[in-house]
Amino acid sequence: MKVKNVVPGVALLALSLVSYFVLGFYALKYGLPSDISWFHIYVVKYAGYPLDRGLSVVAPVDLRYYDTLGDLLIRVLARSSVDVVPLVAGALTLVLVVALTYFWSRDLLAAGLAALLVATTPGFVYWFKLGMFGPWNMVPLTLLGALLLFAASGTGSRLVGVLAGAVLAFSWLLNGSAWVVVASYGIAASILVTAGKMGWRELVPARVILVVFFVAVLLGYRFVTLWHAVALGLLAGPLVGWYLVKRFGLNKASSRLVAVVASLVLVVASSALASASLGAPGVTGVYYKQYNPMFDLGAPGLLLALGFLALSRTARYSGVVDLFAKVLLLSTSVTSLLLGYVDVVNELYAIVASSVVVAYVLTRVLHGISVFEKGFGRATSILLVSLVLLSIVG
């Protein structure tokens, strides 16, 4: 880590936290509860099922068919402190964004800038402001799973891979919108299998996620939608594709591409048909919010195309960890951006992934500009950097 990046990186993190608290808990706060989170707060206060097997809500509904498992967990852990959960979840998200960016880029300036981009994005402030309690408060757990995915790719450790898969699987069960991250991971794995950069050991997290999810369904988990089935298919596809590549010794990239695409089409279609034939219960959400990506994603959304091009151009020269991180971040950015029209909470993952990508690319640009050591050139460089940061925050 470069020492010169410590001070600005920490300063940007502090600024991101202050900006978040001011926007989410003062300037733009809701009353308690908000028009969206009232159901989840109601579940926390009055519903016991399935923790104590006593359904105490007025309406005769089985809460297993709703995205409330995370709410019920918080009912046990937080009890009467539910009101502060969005505050804690938002702050943890920013800290994990810093950790995620730094683990990949080894640049604290990029990490702090990513946190500032997230903290000042309208979509992030909306979902984590005062009064917005719901399953999306489990996003930090999903980000922890993504961080462990990076670590598993870097170390090649089977144990870390199992831990990454378990964290992602449980975060999915607690927060149904995390299906888009699972789907993005499956897409990224498919790309790397096609490129010949993904081994069986690196696919350990995918296998763990599938096992944990199916065991949860057998034990009574019922919040399973068509989109969950598609995500499971996208996750199982690269496993089947990898087996076909090794089984038939497909060494050409074109042959691997055919095997992976065929596997994805077959598995995704099968999982979707099974979901439809079984009448998979569950809904995509118990809330509604109009999705406007041009506004909700703010500066990261506007600059994502630049980041996508920059990372795509450098992907072929990347190491294993760097390549996996780039493919996963780009996959998550684009996938969650589009699927926000299906499940609007997915915009949170688009905000985080695109902010990390954009912050990384911007710091590379700024490092290239800051070639002057003294005099007028240095002053010009500092002024340009300040203008860029101020325009982004604005």
Side-chain angles (χ1 to χ4, degrees), residues 1-2 4-30 84-132 136-144 146-147 150 295-304 306-307 325 329 332-333 336 345 347-367 382 385-394:
M1 179 175 60
K2 298 180 180 180
K4 66 178 182 180
N5 288 340
V6 173
V7 174
V10 173
L12 288 175
L13 173 59
L15 181 59
S16 69
L17 291 171
V18 172
S19 301
Y20 163 60
F21 292 145
V22 171
L23 293 173
F25 295 89
Y26 178 72
L28 302 175
K29 67 179 180 180
Y30 266 131
V84 303
V85 170
L87 170 64
V88 176
L92 284 176
T93 298
L94 294 178
V95 172
L96 283 166
V97 166
V98 170
L100 198 66
T101 309
Y102 177 74
F103 186 87
W104 166 46
S105 67
R106 299 300 179 187
D107 189 337
L108 201 54
L109 178 60
L113 180 57
L116 183 60
L117 289 173
V118 172
T120 54
T121 300
F124 173 80
V125 176
Y126 177 86
W127 288 109
F128 286 110
K129 61 182 159 185
L130 186 62
M132 289 296 289
W136 48 87
N137 294 147
M138 296 294 172
V139 166
L141 189 62
T142 307
L143 296 184
L144 177 61
L147 182 62
F150 286 2
F295 177 78
D296 287 3
L297 269 66
L302 295 174
L303 297 174
L304 179 59
L306 171 64
L329 287 169
T332 304
S333 297
S336 52
V345 183
E347 70 177 6
L348 283 171
Y349 307 108
I351 289 169
V352 170
S354 60
S355 295
V356 174
V357 170
V358 168
Y360 176 79
V361 173
L362 283 179
T363 51
R364 299 283 75 76
V365 173
L366 297 179
H367 287 323
I382 294 174
V385 170
S386 301
L387 288 175
V388 171
L389 293 179
L390 287 174
S391 65
I392 289 172
V393 173

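This one's a predicted model, so the numbers in the text were calculated from it and none came from an experiment.
- Note: Leu12 CG to Leu117 CG = 9.0 Å, rounded to the nearest 0.5 Å.
- Between Thr120 and Ser19, the shortest heavy-atom contact is CG2-CB, 4.1 Å.
- The two residues Asp296 and Ile351 come nearest to each other via the heavy atoms O-CD1, 3.8 Å.
- Taking the six-membered ring wherever Trp is involved, the centroid distance between the rings of Tyr360 and Trp104 falls below 6.0 Å.
- Here the side chains of Thr121 and Pro300 are in contact, with some heavy-atom distance below 4.5 Å.
- Residues Val352 and Leu143 meet the side-chain proximity criterion, which asks for heavy atoms closer than 4.5 Å.
- When all heavy atoms of Ser333 and Val357 are compared, the closest pair comes out as OG-CG2, 4.3 Å.
- The structure places CG of Leu113 at 10.5 Å from CG of Leu15, a figure rounded to the nearest 0.5 Å.
- We find the NZ-CG distance between Lys129 and Leu23 to be 10.0 Å, quoted to the nearest 0.5 Å.
- Looking at Thr332, its side chain never comes within 3.5 Å of a backbone N or O of Leu329 through a donor-acceptor pair.
- For the side-chain contact (heavy atoms from CB on, under 4.5 Å) with Ser355, the qualifying choice from Val118, Leu100, Leu297, Leu116 is Val118, the only one to do so.
- In this structure, Asn137 and Pro86 have side chains that are in contact, with non-hydrogen atoms separated by less than 4.5 Å.
- The two residues Ala115 and Val97 make their nearest non-hydrogen contact at N-CG1, 3.9 Å.
- Side-chain atoms of Trp136 come within 3.5 Å of backbone N or O of Trp127 as a donor-acceptor pair.
- Taking the ring pair (Phe, Tyr, Trp, His ring centres under 6.0 Å) definition, one finds that Tyr20 meets it with Phe25, Phe124, sequence neighbours left out.
- Side-chain atoms of Phe128 and Leu87, non-hydrogen and from C-beta on, never get closer than 4.5 Å to each other.
- Under the rule for a side chain to side chain contact (heavy atoms under 4.5 Å, CB included), the partners of Ala110 that lie at least two apart in sequence or sit in another chain are Thr101, Ser105, Asp107, Thr363.
- Distance check: Leu348 CG to Thr93 OG1 gives 8.0 Å after rounding to the nearest 0.5 Å.
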